[in-house]
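Remarks on the structure that follows.
Everything quoted here is computed from the prediction, not taken from an experiment.
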Amino acid sequence: MDLFMIDSDTDEYTESSDSEELEERETIFSGHAQDILTSLDESILKIDDFLSFERGFSHGDIVSHISDPSGQLGRVVDIDMVVDLESQSGKVLRDVNSKRLVRVRSFMAGDYVIMGSWIGRVNQVIDLVKVVFNDGTKCEILVKDPDMLVPVMPGWYEEMIQFYYPGQRVRMKNASTGSKTAKWLCGDWGTKNSNEGTVCSAEAGLVQVYWISSLSRVWGSCKTDPTPSSLQEPKNLTLLSCFQDANWQLGDWCTLLDMASAGAPKSSVKMVKNYGQGSSGIFTISKTRTTIDVLWQNGLVSVGMDPRTVAPISNLGDHDFWPEQFVLEKAIASEEACTPKFQRVGVVKKVDALERTVKVKWGRNQGGFVGDAKEETVSAYELVEHPDFSFCVGEVVVRLVPSLDKVEEAKSGFDSLLCFGNFFGHKEGGVEVKWANGVLSKVDPFEICGLERLLDIVSPQPVSEVITNATDSTRFTDEQEDQGSPDDPKILDESSYDCVESLRKATARLFPKAAFDFLSDLFGRPHVLNHSGMVKEETNNQVEGSTERQLDANETTKPEPKKLQKEAAKPNETSDFPVIYAKPREFKRFDVIDECTDHYFTNQTGSSLVKKGWLKKIQQEWSILENNLPESIYVRACEERMDLLRACIIGAAGTPYHDGLFFFDIFFPADYPHEPPLVHYHSGGLRLNPNLYESGKVCLSLLNTWTGSGTEVWDPKSSTVLQVLLSLQALVLNEKPYFNEAGYDKQVGRADGEKNSVTYNENAFLLSCKSMMYLIQKPPKHFEDFIREHFTCHAPRLITACKAYLDGAQVGSLCKNEELFGACHKSCSTGFKLMLAKLLPKLVSTFTEMGIDCNPSNPLAHVSG
């Protein structure tokens with residue numbers, strides 16, 4: 001009973017005490033919660049303040065309005081920056097003008113320096129440090145090895161600093177080695193009894209320089225100046241730099257020139273003075289605030305813009321130009337597509353980015369510009385940036401001399417600091433250069449040359465030849481070295497053969513060397529041919545000296561490719577031009593010809609070194625092609641060289657390549673199919689697609705010329721040439737080839753990416769039209785009949801499409817039945833119309849000269865090829 005009463009009392013007590021305790025806890029913790037929330041708000045404000053740093057821009061950066069990313073572009077031409085600085089003790093200096101900041105070392109790795117007539121690049125800076133040791137001794141140490149002098153008890157702050165600074169506590173780690181490079185200013189090593197001390201000063205002691213070139217070498221002088229020593233004292237070197245005040249970033253270390261004139265408030269100046277003796281004077285940049293000046297394509301300049309109102313543009317279109325930029329006028333239709341002809345030289349005055357038109361002030365020639373030169377609005381597609389007069393902002397440039405006989409006169413009369421400088425910008429028909437002595441001057445563009453460009457072409461020859469080579473070197477791409485020898489005459493002299501007269505002759509063996517690029521099909525449907533089965537009737541003599549010939553001799557019989565070839569050649573026997581067939585489909589999609597002397601890979605090692613199974617695999621490839629080629633792909637195999645193929649793809653409707661032709665030469669290596677085939681694209685010197693280079697290189701993962709995985713790369717067990725052709729058709733020659741470029745797929749759906757894609761399509765179609773004219777004049781061998789036949793059927797539709805584009809339809813918007821794809825509300829640009837209006841009469845004239853009827857009422861028009 002007592003126990004029960006105790007339990008009851010306990011329950012009563014517990015309920016009462018719980019209520020009181022709960023109220024007490026709520027009172028206590030509500031106060032804590034309020035403190036926590038307040039502290040949290042303060043922390044969030046600090047975090048927001050820290051994260052509110054601006055996007056950094058540099059001189060020359062390309063930007064667009066955030067509100068209109070697909071509109072006109074701008075170039076940053078000036079930057080004004082103020083920063084907040086934080087000392088080691090945590091004190092902050094606010095609103096310091098960046099022009100008052102100084103680097104902690106006068107020279108740093110990567111800097112360009114001038115010494116006499118030589119220019120070089122800094123590889124390493126060796127510090128000269130003065131240390132006062134604990135026992136009062138003082139020495140000056142040239143620190144060649146960082147392990148020689150190490151910080152004492154380095155914290156996170158010390159670990160972030162990669163240099164010595166006044167006030168830093170250090171220890172001489174290797175006393176015996178350090179004593180050899182030390183100069184004692186007070187006391188000596190024998191009286192010293194402590195390895196620890198304090199840095200009282202630190203500066204660059206020696207600078208290791210890689211000397212790049214001299215004026216004598218650039219100017220082609222017979223007398224060359226001797227190469228200086230790689231180790232130099234800083235006083236002998238002049239730093240070449242520009243825009244240092246605008247290149248500061250968060251976390252950079254710096255010092256101040258003069259606090260009284262640093263642009264900081266007086267309270268901040270007083271704070272620095274109160275740091276006391278032993279202060280390092282080293283600051284880190286904790287925050288930046290900038291305004292930028294932007295030159296827009298229309299010629300207007302926005303001053304003092306907030307960087308947050310613009311966005312950087314990483315991928316600039318090929319047809320974006322800028323006021324005061326030097327340009328060349330491209331020929332409308334060059335007879336030799338491989339060697340584009342440039343005509344007038346001009347200076348851009350204004351650009352309409354939306355309509356892709358450019359107002360240009362034309363000059364007389366490359367050596368000078370007439371004052372009364374006329375201004376003209378032209379298409380952006382008929383211009384190209386001048387290869388010799390194009391520079392990047394901040395690029396190192398070298399002054400050139402006009403002729404070899406003035407070299408010595410120039411050397412004796414010119415200050416070398418006025419011969420090396422940084423490109424500052426274009427201005428009023430010239431270029432501004434900030435020279436190594438700090439002088440900013442305007443010069444003619446032909447008076448200077450970029451240092452990196454000179455490094456590629458400089459040699460002991462007259463300057464006039466150097467300048468010529470600088471021009472020529474811009475017409476070749478790095479990809480030329482990837483496909484065969486760079487000296488291969490098939491690359492360098494592909495355009496040097498006169499094929500027009502050869503085409504008029506009946507002798508097939510006099511046809512030209514490999515013809516040129518032309519445009520492809522995209523969505524062809526597989527079509528089974530009722531062919532003669534020539535693949536199974538393979539000749540035993542096609543692979544001379546091979547083991548495979550003996551293994552498969554009993555399985556093959558001799559085909560009749562010569563007979564087939566003769567039947568195809570009959571129309572040429574009585575006419576200057578091939579006679580077209582009644583219907584295009586009579587031109588066989590797959591056939592075997594007797595020889596292929598103009599094939600790109602003719603000089604490649606033949607099939608005499610092939611491995612076992614090679615011949616059988618080639619026969620299988622032939623059989624697959626014969627029975628599965630779609631309507632838009634045509635292939636010719638060679639009887640004498642089974643390792644060679646030539647393929648043609650027709651451009652598909654809905655793409656910028658519609659109605660055009662692409663030609664590819666294919667080579668089966670001796671290790672095929674363990675190695676993919678080699679493929680060469682007949683470019684004619686035109687870059688119509690990101691995957692197809694002027695040099696003929698085909699960039700495709702299936703060919704192992706680009707990265708890929710899984711089914712994207714060549715599989716010896718399952719991959720075929722037909723797969724390669726279909727990949728070229730579907731993956732390369734598509735509706736939006738701009739996004740084929742590496743990394744550009746991330747721009748799909750973005751305003752700037754779609755804008756560049758439309759521009760790329762317009763230019764691709766113009767180049768396609770140029771290639772058609774060249775192809776008609778110089779057709780690849782064994783495709784003469786097909787080319788004439790193809791354009792007889794497709795020319796009317798092509799001309800109709802051109803007229804629709806001139807009326808405003810967007811490139812690639814027409815179906816095969818000449819109707820628009822869906823509801824097309826977009827139109828092509830004025831610049832495209834201007835260029836097409838100049839090109840179309842030449843295209844019609846080319847068709848007419850070949851006897852091709854461009855009238856849509858042509859009975860053979862629109863017949864599917």
Return the minimal non-hydrogen interatomic distance between [X] and [Y], and the atom names on each side.
| X | Y | value |
| --- | --- | --- |
| C769 | L843 | O-CD1, 3.9 Å |
| W614 | A670 | CD1-O, 3.6 Å |
| I852 | T792 | CG2-CA, 3.7 Å |
| S757 | Y738 | CA-CB, 3.7 Å |

Within the distance-only criterion (no hydrogens, no angle test), does the side chain of [X] pair as donor or acceptor with the backbone N or O of [Y] below 3.5 angstrom?
| X | Y | answer |
| --- | --- | --- |
| N761 | E735 | yes |
| E754 | G749 | yes |
| W714 | H674 | no |
| T602 | C596 | yes |
| N756 | G753 | no |
| R687 | L692 | yes |
| S701 | V713 | no |
| T655 | A652 | yes |
| S623 | Q619 | no |
| R453 | D388 | yes |

Quiz item: After noting the C-alpha distance and the side-chain angles of V592 and C638, does the key distance pass the side chain to side chain contact (heavy atoms under 4.5 Å, CB included) rule?
Solution: CA-CA 6 Å; V592 178; C638 183; over 6 Å; no
Pairwise side-chain contact, [X] with [Y], heavy-atom cut-off 4.5 Å (strictly under):
| X | Y | result |
| --- | --- | --- |
| D320 | T759 | no |
| S727 | L700 | yes |
| L644 | D665 | no |
| N315 | Q747 | yes |
| P669 | D643 | no |
| Y760 | P690 | yes |
| I624 | V721 | no |
| L328 | P387 | yes |

Inter-residue atom distance [X].[atom1] - [Y].[atom2], 0.5 Å rounding:
| X | Y | atom1 | atom2 | value |
| --- | --- | --- | --- | --- |
| H658 | R797 | NE2 | CZ | 9.0 Å |
| S771 | L686 | OG | CG | 6.5 Å |
| K778 | M773 | NZ | CE | 14.0 Å |
| Q777 | I787 | CD | CD1 | 11.5 Å |
| N689 | N734 | CG | CG | 7.0 Å |
| R636 | H599 | CZ | NE2 | 13.0 Å |

Self-check item: Close aromatic pair by centroid cut-off 6.0 Å: H790 and F587
Solution: no
Exercise. May I ask you to check whether F847 and F791 place their ring centres under 6.0 Å from each other?
Key: yes
Exercise. Please test F667 against H680 for ring-ring contact (aromatic ring centres under 6.0 Å, His included), starting from the C-alpha separation and ending with a verdict.
Key: CA-CA 9 Å; F667 171 74; H680 175 80; over 10 Å; no
State whether a side-chain donor-acceptor pair under 3.5 Å links [X] with [Y].
| X | Y | value |
| --- | --- | --- |
| N763 | D318 | no |
| S718 | D715 | yes |
| N691 | Y681 | no |
| E621 | Y672 | yes |

Quiz item: Can K697 be said to sit on top of Y693's aromatic six-ring, NZ or CZ under 6.0 Å from centre and within 45° of the ring axis?
Solution: yes
Quiz item: So F783 and F663, ring-ring contact (aromatic ring centres under 6.0 Å, His included) or not? Walk me through it.
Solution: CA-CA 10 Å; F783 280 87; F663 280 87; 5.1 Å; yes
Quiz prompt | Passing candidate, side chain to side chain contact (heavy atoms under 4.5 Å, CB included) with F664, options I633, L645, V679 | solution = V679
Practice problem: Run the numbers on Q810 and V758 for side chain to side chain contact (heavy atoms under 4.5 Å, CB included), then give the verdict. | Solution: CA-CA 9 Å; Q810 197 171 46; V758 171; 3.7 Å; yes
Quiz item: Run the side chain to side chain contact (heavy atoms under 4.5 Å, CB included) check on I593 and E639 step by step: do they pass?
Solution: CA-CA 6 Å; I593 45 91; E639 177 188 10; over 6 Å; no
Quiz item: Is R646 paired with D598 through a side-chain N to carboxylate O contact shorter than 4.0 Å?
Solution: yes
Practice problem: Decide, yes or no, whether a salt bridge links K781 with E595 under the criterion of side-chain N to carboxylate O below 4.0 Å. | Solution: yes
Quiz item: Under 30°, 30 to 60°, or over 60°: which ring-plane class applies to F832 and Y381, parallel, tilted or perpendicular?
Solution: perpendicular
